[in-house]
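One structure below.
Every chain is numbered from 1 and lettered A, B, ... according to where its sequence line falls, protein lines coming before strand lines.
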Amino acid sequence: MSDFRFDLISGGPSGPRLGRVHTAHGAFETPAFLPVGTQAAVKTLSPEEVRELGAQAILANTYHLHLRPGSGVVRELGGLHRFMNWNGPILTDSGGFQVFSLSELRTLTPEGVTFRSHLDGSSRFLSPELAVGIQEDLGSDIMMVLDECLQYPASFEQAAASLELTLAWAARCKEAWRGRNALFGIVQGGAYPELRLRSAAGLCAIGFPGYALGGFSVGEPPALMYDLVGATAPHLPADKPRYLMGVGTPRDLVEAVDRGIDFFDCVMPTRNARNGSLFTAAGTLNIRNAAHAADPAPIETGCPCAACRGYSRAYLRHLSLCRETFGLRLNTIHNLSYYQRLMAGMREAIAAGRWTSFRDGFRAAQTAKKD
RNA sequence: GUGGGUGUAGCUCAAUGGUGGAGCACCUGACUGUGGCUCAGGGGGUUGAGGGUUCAAAUCCCUUCACUCACC
C-alpha cells in the first residue's frame, strides 16, 4: 500500500488549483516549487536552510546519483533521505533530461539509453526498468518514468516517434514498479497539441498516481509553452497532481498555475544565483553590475531573507566578484526565498478566491518592467 | 659613476619598416527535469617623452626620462 496521496482542495481539470501531496516523508502544499538538488544537495545550502526558506520537497537525479556514489551505496546507507539528511518528500528525475542535455554522450534504442559517462567516459546503460530500480534503491517518494526529452524544434514525425518511445517506456516502468512509492508518467509530444493529447491519453490509459509535462523550456517561445500547457492540462485526471518539469521563470510559474499545474522544479533560482542573477518583484538584477559597487541597499527592500536582512548589494557584489562561496550561499538563499514566497503568494491568492487579481497584478508588473 | 637590458591596453606580453593585437582584468547580456561552469557582445592606446630619416616608424637614428641588472 502506497503512502502517496493527492488531495485536491480547490479547482478542477483546468485553471488554478490548490492541493496537498502526501508521501511517506510528509506532505507539501501545492502549487509548489521544488528546489533542485541533483547530486543529493541543493548547491551551497544545508537541508535545514532549504526547509527554513519554505521548501517542503526537493528534487534529486537518478542518473547523476547512479554514476556517483551509486544507488547501491545510497541504499545501504539507508536511502536518500537519511544519506543527505532531508526528511521531507524527495522527487527523483529518471535521467530522461540527460537524454536531452547529454545528447552528445548517448545513443538511444528502444531498449534504453547508453550513456558515455561524463565523469570517466565509461559506458552506462539505462533502461526503463533500471531507472525504476535505481529510484527505488534511492528511496524517492516520487519517481519519474524514463522518457525522451525531445529537442526544439522537432518535426511532427520526430515528435510522434519520440512520444511513442516514451509511452512504451512508461508502460515498462509501470510494469517494473513495485508500488511502494509514487511513479509519474511524462507527457511528451513536442510543440504539437495533437501529439500532447495523444501522449496524455496513452499515459492515462496506463494509469499513474501523477502526471508530468516534459520537454518544455528547451528553446521554444514562452507563449508556445503556455498554449501547450493550457491545451494539455484539462485532459489529465483532475484528481491527480500535475508537474511541469524544469520550469521556470517566475512568469512561467504564474502562467502555468493559471493553466492548472500543481508543482514545478527548476535550476533557475539556484543556478542564476550562483551566476549573480537575482530575482525581485521589480525584476531581475545582476549583482555583479558596477551600479551596485557602493550601494548600501539590500537586494530587495522588505525581503525577509537572511541575505536581505544583513547584507548590502555592495557587499554581495564584492563577494560575487571575488567568487567567495559565502556569496553563492547568500544569493541562493535570496532567490529560493523569492521563489518560495511567490508560491506561497499564489496559494494564498487561490485560497482567498482572488487569483485573478493576483495574476493580473503580476502580469502588469511584468509589463511595467519591460518599459 | 660606467656598461648592458627593458619601456606597447589596468596587468602579463605579441606585432623586425606597410591598417597596433592576444590572454587575463573591467563593462553589459544570456543561463529553465544543474558544471560554481560556460557562452555572446563591449569599452579601452599621442606604442615613456621630444626630435630626425622615410612615401610609410612601436620597429631605424639622436636626445632625454623612468625602471632594472652587472661592475666600480
Side-chain angles (χ1 to χ4, degrees), chain A residues 33-45 57-65 67-68 90-103 105 117-119 131 135 140 142-152 166 184-188 210-222 224-226 229 242-253 255-256 261 263-279 283-293 317 319-332 335-336 339:
Chain A
F33 179 83
L34 281 59
V36 176
T38 300
Q39 311 194 71
V42 176
K43 291 183 188 298
T44 77
L45 300 186
I58 61 169
L59 175 143
N61 184 276
T62 300
Y63 172 78
H64 288 279
L65 292 172
L67 290 190
R68 185 170 58 186
I90 297 177
L91 182 152
T92 46
D93 185 24
S94 62
F97 186 67
Q98 280 63 46
V99 172
F100 166 77
S101 65
L102 302 177
S103 59
L105 297 174
S117 165
H118 67 289
L119 298 176
Q135 292 180 86
S140 76
I142 300 175
M143 310 190 299
M144 302 305 300
V145 299
L146 185 65
D147 68 324
E148 181 191 7
C149 181
L150 189 65
Q151 79 279 1
Y152 177 87
T166 292
F184 277 32
I186 304 177
V187 176
Q188 291 289 348
Y211 296 88
L213 278 64
F216 288 112
S217 289
V218 289
E220 79 283 5
L224 177 57
M225 174 173 79
Y226 305 153
V229 169
R242 296 89 172 267
Y243 160 37
L244 182 55
M245 305 183 77
V247 174
T249 64
R251 176 189 172 209
D252 291 341
L253 304 186
E255 296 299 339
I261 297 300
F263 67 93
F264 309 85
D265 81 285
C266 189
V267 302
M268 188 165 274
T270 43
R271 177 191 285 163
N272 281 20
R274 295 194 304 279
N275 292 333
S277 187
L278 304 176
F279 294 95
T284 63
L285 68 85
N286 187 336
I287 197 62
R288 299 212 249 255
N289 282 3
H292 307 121
R317 175 175 191 266
L319 294 181
S320 189
L321 292 178
C322 294
R323 296 175 162 82
E324 283 288 344
T325 58
F326 188 42
L328 303 178
R329 280 173 43 71
L330 290 172
N331 291 350
T332 302
N335 274 357
L336 281 183
Y339 266 61

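- In this structure, the CG atom of A:Leu65 is 14 Å from the C1' atom of B:G33, given to the nearest Å.
- Of all nucleotides present, none satisfies the Watson-Crick or G-U wobble test against B:A9 with each distance under 3.5 Å.
- One can place CG of A:Leu67 at 14 Å from C1' of B:G35, the figure rounded to the nearest angstrom.
- Contacts of A:Gln39 with the nucleic acid, taken as non-hydrogen atoms under 4.0 Å apart, are absent.
- Atom CG of A:Asp93 is separated from atom C1' of B:G33 by 4 Å (rounded to the nearest Å).
- One interatomic measurement links the two molecules: CG of A:Asn335 to P of B:U32, which rounds to 14 Å at whole-angstrom precision.
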Atom pairs, protein N/O to nucleotides 26-30 of chain B N/O, distance under 3.5 Å:
| from | atom 1 | to | atom 2 | distance (Å) |
| --- | --- | --- | --- | --- |
| B:C27 | OP1 | A:Arg317 | NH2 | 2.2 |
| B:U28 | OP1 | A:Ala290 | N | 2.9 |
| B:U28 | OP2 | A:Asn289 | OD1 | 3.3 |
| B:G29 | OP2 | A:Asn289 | OD1 | 3.0 |
| B:G29 | OP2 | A:Asn289 | ND2 | 3.4 |

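- When the C1' atom is used for both B:A57 and B:G50, the distance is 15 Å, rounded to whole Å.
- The two residues A:Ser94 and A:Thr62 make their nearest non-hydrogen contact at O-CB, 3.5 Å.
- Nucleotides of RNA chain B nearest to A:Met144 and A:Thr44 differ in position, and the one nearer the 5' end is that of A:Met144.
- Comparing the P positions of B:C37 and B:A25 gives an interatomic distance of 11 Å, to the nearest angstrom.
- For A:Asn61 against B:G33, no side-chain N or O and base N or O form a donor-acceptor pair under 3.5 Å.
- Nucleotides B:C13 and B:A58 are separated by 14 Å at their C1' atoms, to the nearest Å.
- With a 3.5 Å ceiling on both atom-pair distances, the Watson-Crick or G-U wobble partner of B:G3 is B:C69.
- Within the 3.5 Å criterion, the main-chain N or O of A:Gly246 finds a donor-acceptor partner in the side chain of A:Asp265.
- Comparing B:C27 with B:G44, their P atoms are spaced 16 Å from each other, to the whole Å.
- Across all strands, A:His118 comes closer than 4.0 Å to no nucleic acid atom at all (heavy-atom distances).
- The two atoms that bring A:Tyr152 and A:Pro221 nearest to each other are OH-CD, 3.8 Å, heavy atoms only.
- The separation between A:Leu146 atom CG and B:G33 atom P is 17 Å, rounded to whole Å.
- Residue A:Gln188 is classed as a base contact, given a heavy-atom separation below 4.0 Å to a base.
- Spacing between B:C67 and B:C24 at atom C1', rounded to whole Å, works out to 24 Å.
- Across all strands, A:Gly215 comes closer than 4.0 Å to base atoms (heavy-atom distances).
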If you look only at distance, which donor and acceptor atoms sit under 3.5 Å apart when one is on a side chain in residues 143-151 of chain A and the other is two or more places apart or in another chain?
| from | atom 1 | to | atom 2 | distance (Å) |
| --- | --- | --- | --- | --- |
| A:Asp147 | OD2 | A:Gln188 | NE2 | 2.8 |
| A:Glu148 | OE1 | A:Ser162 | OG | 2.9 |

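- In this structure, A:Leu244 places its CG atom 11 Å from P of B:G33, rounding to the nearest Å.
- Between A:Thr38 and B:U34, a side-chain N or O to OP1/OP2 separation shorter than 4.0 Å is present.
- Taking the six-membered ring wherever Trp is involved, the centroid distance between the rings of A:Phe263 and A:Tyr243 falls below 6.0 Å.
- Contact of the A:Leu45 side chain with the A:Leu336 side chain is registered, since non-hydrogen atoms from C-beta on lie closer than 4.5 Å.
- A:Leu91 comes within contact range of no nucleotide atom at all, as no heavy-atom separation falls under 4.0 Å.
- The heavy-atom pair separating A:Ala212 from A:Phe184 by the smallest distance is N-CD2, 4.5 Å.
- Using N1 to N3 plus N6-O4 or O6-N4 for Watson-Crick, or N1-O2 and O6-N3 for G-U wobble, each under 3.5 Å, B:C60 pairs with B:G52.
- Tested against A:Val42, the residues A:Thr270, A:Val36, A:Leu59, A:Leu34 include a single side-chain contact (heavy atoms from CB on, under 4.5 Å) partner, A:Thr270.
- When the C1' atom is used for both B:A15 and B:A22, the distance is 10 Å, rounded to whole Å.
- In this structure, A:Phe184 places its CZ atom 13 Å from C1' of B:G33, rounding to the nearest Å.
- Counting heavy atoms from C-beta outward, A:Arg329 and A:Glu324 have side chains that stay 4.5 Å or more apart.
- Going from atom CG of A:Asp147 over to atom P of B:G33 covers 13 Å, rounded to whole Å.
- As rounded to the nearest Å, B:G10 and B:G51 have P atoms that lie 23 Å from one another.
- For the P atom pair drawn from B:G18 and B:G29, the interatomic distance equals 41 Å after rounding to whole Å.
- When heavy atoms are screened at a 4.0 angstrom cut-off, A:Thr270 is found touching base atoms of the nucleic acid.
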